[in-house]
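Naming convention: chains lettered A, B, ... in sequence-line order (proteins, then strands); numbering from 1 in each chain. Small disclaimer: the values here were computed from a predicted structure and weren't measured.
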Amino acid sequence: MKKVRIYVTYKESVFDPQGETITTAVKSLGFPQVKEINVGKFFDVTLLETADLDQTIAAISEKLLVNFNLETYHYQVLEEQK
Amino acid sequence: MKKVRIYVTYKESVFDPQGETITTAVKSLGFPQVKEINVGKFFDVTLLETADLDQTIAAISEKLLVNFNLETYHYQVLEEQK
Amino acid sequence: MTKKLTPEQIQQQKPYLAWGLSEKEYDYISQRLLGRLPNYTETGLFAVMWSEHCSYKMSKPVLREFPSTGKRVLQGPGEGAGILDIGDQQAVVFKAESHNHPSAVEPYEGAATGVGGIIRDIFSMGARPIAMLDSLHFGEIDQPRTKYLINEIVAGIGGYGNCMGIPTVGGETTFDPCYTGNPLVNAMCVGLMDQADMQKGRAQGIGNAVMYVGAKTGRDGIHGATFASADFADDKETQRSAVQVGDPFMEKLLLEACLELTHKHQDWLIGIQDMGAAGLVSSSCEMAAKADSGMELELDQVPQREPGMSAYEIMLSESQERMLLCIKKGFEKPVQDLFESYGLEAVVIGRVTAGHQYILHHQGNKVTDIPVSSLTDDVLEEQGTEVMPSRLQQAALQPVWQPTEFDFAATFYQMLQQPTIAAKTSITQTYDSQVRTNTVVGPGSDAAVLRIRRTTKGLAMTTDGNGRFVYLNPEIGGKLAVLEAAANLVASGAEPLGITDCLNYGDPHDPEVYWELHQSVKGMAAACRALEIPVISGNVSLYNETNQQAIYPTPMVGMVGLINDIQKYETIKLKNAGDKLFLIGTTTDDYAGSELQKMLQHEISGQLADIDLKQQVAGLQQVLHAVQAGLTSSVHDLSEGGLAIALAESTFATDLGLQVTVPLTDAQLFSETPGRFLISVAPAKVAQFTELMQDKALLIGEVIPQKKFELKTLTATYQLDLLRAQKLWEDAIPCLMKSKA
Amino acid sequence: MRVAVVVFPGSNCDIDLYEALTSVCKVEAAYVSYQQDNLAGFDAVMLPGGFSYGDYLRCGAIARFSNIMPAIQQFAAQGKPVFGTCNGFQILTEAGLLPGALKQNDSLKFVCKTVALRVENNQTVFTNQYQAGEVIQLPIAHADGSYYADQETLAALEANHQVVFRYATENPNGSLNDIAGITNRRGNVLGMMPHPERAVEQLLGNTDGLRLFKSLLAGQTIKEAAH
Ligand SMILES: Nc1ncnc2c1ncn2[C@@H]1O[C@H](COP(=O)(O)OP(=O)(O)O)[C@@H](O)[C@H]1O
Ligand SMILES: [Mg+2]
């Protein structure tokens with residue numbers, strides 16, 4: 001078994017209202033040292049060992065998990081499991 | 001400046017209907033090797049260098065970013081910036 | 001997980017006390033009902049089934065005072081929801097439910113799962129849910145926690161209802177400091193059905209299957225029911241979470257699948273019930289008890305989300321979006337196939353058996369073997385002790401508060417900004433109030449109105465309750481809650497048909513609280529009898545306290561009415577310049593518990609004037625006749641803020657203004673004397689209208705085409721700025737929510 | 001004319017479309033399950049609003065893999081009318097039948113209210129009964145209706161007159177260029193966040209959506225007459 005974490009975020013050019021709202025809220029809570037907060041989501045995919053892990057992850061991301069109009073992604077293999 | 005990534009996920013026992021629905025969708029798209037997908041979110045916080053980084057991050061998380069009824073978090077310092 | 005205790009250890013260590021079962025009850029169960037010591041699982045089942053939340057052991061004697069019969073009643077209290085005949089072989093189904101404690105702890109999911117639960121109650125009767133309403137009571141918007149609660153609770157209600165495609169069409173929202181630590185979140189669902197599709201939650205016929213459908217069972221909400229009945233202390237975080245999470249998508253599938261089953265396959269189905277509080281145990285043993293059947297369940301068959309769940313956990317879990325069915329033997333497979341076509345799991349978990357035992361098997365052991373009725377019918381009723389609260393005894397001796405000199409115009413603008421009076425658009429706009437395209441009048445009028453497709457009829461509905469009045473005088477306050485709901489329906493052109501309620505009170509073991517409960521129910525019951533309408537369903541929420549401080553006693557009334565000719569519905573908005581304005585009902589100096597008193601005094605006090613129910617009902621009937629006869633252009637009942645506020649509200653979102661002369665003092669414009677209406681009437685209909693209203697209609701002015709409000713009272717003349725008034729009214733809650741505490 | 005109203009798991013405005021077509025416009029319509037794989041016998045396809053798959057992952061992201069989608073793709077490729085409102089619009093963008101994407105509203109909240117829209121293009125099969133530039137009122141009810149496309153795509157949409165409806169007074173969600181509804185290049189696929197099917201009866205207070213359905217019918221008569 002493998003565990004892969006896929007990170008998805010808005011592209012640079014896309015306005016993220018949530019990030020902005022959170023940044024404002026955090027600052028006004030008394031954390032002026034905070035400059036910016038960006039929000040993203042991640043998917044922890046547990047899957048059977050495959051030879052073509054990279055392709056599989058790319059395929060899942062591109063087909064379903066990521067909308068390329070708005071988003072971009074990268075991933076990281078988390079840990080080896082039995 | 002520091003950049004810290006705060007990861008927020010559901011606690012173990014909390015039912016995550018979204019994760020379940022996505023898992024089913026991915027499997028049925030022709031990825032039977034996928035066993036499970038869990039969804040989480042992350043916050044990339046850019047903030048001024050502070051002595052008490054740990055406390056600051058904990059305070060922001062506990063006050064705003066994390067709902068302790070359902071969620072738990074951990075964080076990681078991403079990179080050193082000027 | 002603690003290691004399971006033996007029956008003897010349970011007897012000695014008394015863990016059941018922490019689960020809410022008293023020593024007296026435990027002894028009664030072991031000595032009288034079972035004749036042996038209950039084991040761990042059985043003790044847990046008793047604890048939860050005998051909680052106030054499931055058994056109504058303290059409130060039952062009081063609830064008997066409600067009238068629950070009538071010529072329209074097809075199903076009274078006792079099932080998932082009550083059902084009323086509305087003619088044409090159709091019926092309306094409704095019930096309300098509180099989710100106060102879960103919402104105080106986890107506001108989004110607490111409110112969302114409250115909505116989910118009440119929707120299941122409606123479709124378990126065979127009805128299609130057509131509308132949601134809510135009743136929300138919060139603390140003052142001056143603390144970050146309150147703002148958080150408001151945002152999350154409102155988002156939870158919308159999140160669930162919107163996704164289900166059930167419009168949220170009405171409700172009420174009030175603000176008082178007593179609700180700060182313990183907000184009230186009551187939700188009401190209304191359904192529509194053909195009478196032929198009526199279902200009941202019963203399991204009968206030896207050998208018939210008990211089937212489980214919907215979401216898997218997890219460890220969420222274990223002891224939710226007893227938790228809902230336990231006094232409330234400041235919450236703590238833990239690593240595990242017992243919070244139930246709603247899945248409205250799953251519930252939408254469940255709704256459609258269950259409606260297909262109940263509408264198209266009645267020959268397969270014996271009974272259906274939702275798994276609400278106390279999950280599998282309450283639904284299964286109630287279904288067996290109602291049919292006087294025995295039941296045997298195989299808990300290993302129950303679909304489980306987590307490994308290693310104990311029998312106790314499986315039975316008590318309050319995982320959401322689950323239903324229990326009793327299916328005729330031989331039809332298990334078609335039922336499975338039907339649910340499968342919606343992507344849902346349906347599993348046989350047991351059978352109806354001969355005799356009257358409730359038997360549970362788990363991992364090869366018989367973990368429970370007790371009489372069905374011992375969980376449901378043998379509960380020891382508890383007669384509460386009652387004492388009139390000392391505050392009321394003292395109040396009788398105190399002088400009555402009367403507003404003295406004040407600046408009328410300034411007070412008028414300030415009153416419009418009181419959050420209880422101010423526009424609730426920032427809340428209602430986050431609810432889909434139109435989906436399914438039947439909403440004729442959505443949020444913002446006195447009552448919501450929905451048309452019934454393919455008929456000429458409509459249904460009007462409202463939720464009302466005013467804790468302040470009940471706090472000052474529970475009996476009169478109870479009457480007022482019912483009358484106010486009726487007035488809202490009548491103003492919309494509907495004949496009241498019946499009510500559901502949520503009774504929100506503090507700890508019933510406090511004799512003063514129990515007295516409040518009893519007195520207010522007495523008042524509500526009297527008003528129902530005067531209106532000749534039944535109480536067909538309801539819900540009791542006790543222990544609404546934070547750190548021993550109880551909320552105002554707050555009964556919520558949900559009322560549904562029938563409009564025979566949907567073209568003749570009415571709203572509060574002025575329609576035409578030139579229409580004459582009438583005030584119906586006499587105005588006296590009633591400031592006890594009024595918004596004016598609260599604003600000026602920062603607290604409420606005084607005594608309520610007694611109410612002549614007969615006269616009130618006669619007044620309502622006259623107004624209803626006028627609306628039904630098509631004589632009115634707009635109708636608005638007077639409630640919080642009195643005549644001044646009603647006048648202003650009826651101009652908002654119109655291009656019209658007012659010219660008004662009233663034989664009242666400045667203060668009386670804010671008096672909250674019940675039983676009054678503001679009605680506008682076209683000049684051509686004035687004669688007919690005044691004749692119908694006899695001497696009750698007082699001409700007070702005219703609708704004018706300019707956006708102006710000219711007001712002449714007994715003491716002075718005022719020019720009020722309606723655009724400013726509307727802006728203040730609209731912006732008040734958004735501003736408070738944004739302001740830094 | 002016969003219209004297919006596609007029902008996905010979680011669709012909930014399906015009945016609204018169906019009733020607008022059948023009860024109000026007296027057009028023949030049928031519900032078509034997402035599990036079906038063909039649209040034979042239909043002259044138009046409509047994708048309703050709602051929460052397909054609970055809006056999990058992204059609105060419309062999972063629905064677009066339904067069995068029925070290849071048939072819809074083919075139907076659109078043949079130049080036949082395809083319409084999506086609200087979640088239907090989201091599904092059409094996720095499926096690539098329309099460019100761009102719908103993001104969470106800038107307010108981060110669900111919003112249900114009536115908004116003013118300008119009809120920017122009345123030369124489509126869905127809008128020929130409106131005047132160009134006319135301002136109409138239609139209800140919206142969504143949490144994710146903020147239209148986004150990159151600059152190039154936006155420029156192309158504008159140049160080709162694919163923006164059919166634009167928010168006229170207030171932009172309720174943050175949509176770029178105030179976009180409320182667009183067509184594909186060919187003009188036979190329309191997606192819009194507002195709900196015309198909620199505005200077809202005087203009893204419910206608004207009939208500004210009626211002409212969208214009438215437009216479709218008018219187009220049909222013209223075509224049939226030309227045969
Ligand atoms: N939480 C809410 N949810 C839905 N509608 C609400 C809510 N709060 C208030 N409303 C709506 O706002 C309007 C005014 O409410 P309210 O002041 O309680 O009316 P009334 O005094 O006539 O009972 C009503 O149409 C009501 O349905
Ligand atoms: Mg009213």
Subject >> Minimum side-chain heavy-atom gap C:Val245-C:Asp220 below 4.5 Å >> reply: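 No, too far: nothing below the 4.5 Å cut-off.
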
Is chain D contacted by the side chain of [X], its backbone, both, or neither, given a heavy-atom distance below 4.5 Å?
{"X": "C:Ile166", "result": "neither"}
{"X": "C:Tyr342", "result": "neither"}
{"X": "C:Met250", "result": "neither"}
{"X": "C:Ser341", "result": "backbone"}
{"X": "C:Arg451", "result": "side chain"}
{"X": "C:Asn151", "result": "side chain"}
{"X": "C:Ser433", "result": "both"}

Original post:
Can you find a side-chain donor-acceptor pair between D:Thr124 and D:Thr127 that sits under 3.5 Å?
Top reply: yes

Subject >> C:Asp197 side chain to C:Thr262 side chain, donor-acceptor N/O pair below 3.5 angstrom >> reply: no

**OP:** Would you mind telling me which of D:Val200, D:Val111, D:Asp55 has the largest number of heavy-atom pairs within less than 4.5 Å of chain C?
**Re:**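 Heavy-atom pairs under 4.5 Å are most numerous for D:Val111.
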
Taking [X] for its side chain and [Y] for its backbone only, find out whether a donor-acceptor pair lies under 3.5 Å.
{"X": "C:Thr455", "Y": "C:Lys457", "value": "yes"}
{"X": "D:Asn128", "Y": "D:Ser215", "value": "yes"}
{"X": "D:Asn121", "Y": "D:Val164", "value": "no"}
{"X": "C:Glu251", "Y": "C:Pro248", "value": "no"}
{"X": "D:Asn171", "Y": "D:Ser175", "value": "yes"}

Original post:
Pick one: which of D:Asn184, D:Leu92, D:Leu47 meets side-chain contact (heavy atoms from CB on, under 4.5 Å) with D:Leu97?
Top reply: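 For D:Leu97, the side-chain contact (heavy atoms from CB on, under 4.5 Å) check succeeds only for D:Leu92.
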
Original post:
Considering the options C:Thr571, C:Val169, C:Ile572, which one meets the side-chain contact (heavy atoms from CB on, under 4.5 Å) requirement together with C:Val441?
Top reply: C:Thr571

Subject >> chain C-proximal positions within residues 13-22 of chain D [heavy-atom distance under 4.5 Å] >> reply: D:Cys13, D:Ile15, D:Asp16, D:Glu19

Checking heavy atoms, do the side chain of [X], its backbone, both or neither come under 4.5 Å from chain C?
{"X": "D:Gln202", "answer": "neither"}
{"X": "D:Ser23", "answer": "side chain"}
{"X": "D:Tyr53", "answer": "both"}

Original post:
chain D: which of C:Gln567, C:Arg454, C:Arg453 shares the most heavy-atom pairs with it under 4.5 Å?
Top reply: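 Of C:Gln567, C:Arg454, C:Arg453, C:Arg453 has the most heavy-atom pairs under 4.5 Å with chain D.
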
Original post:
Should C:Val154 and C:Asp134 be marked as a side chain to side chain contact (heavy atoms under 4.5 Å, CB included) after you check the CA-CA gap, both sets of side-chain angles, and the distance that decides it?
Top reply: CA-CA 10 Å; C:Val154 167; C:Asp134 58 4; over 6 Å; no

Subject >> Trace of the salt bridge (Lys or Arg N to Asp or Glu O under 4.0 Å) decision for D:Arg58 with D:Glu94 >> reply: CA-CA 9 Å; D:Arg58 292 182 312 276; D:Glu94 283 284 346; 2.8 Å; yes

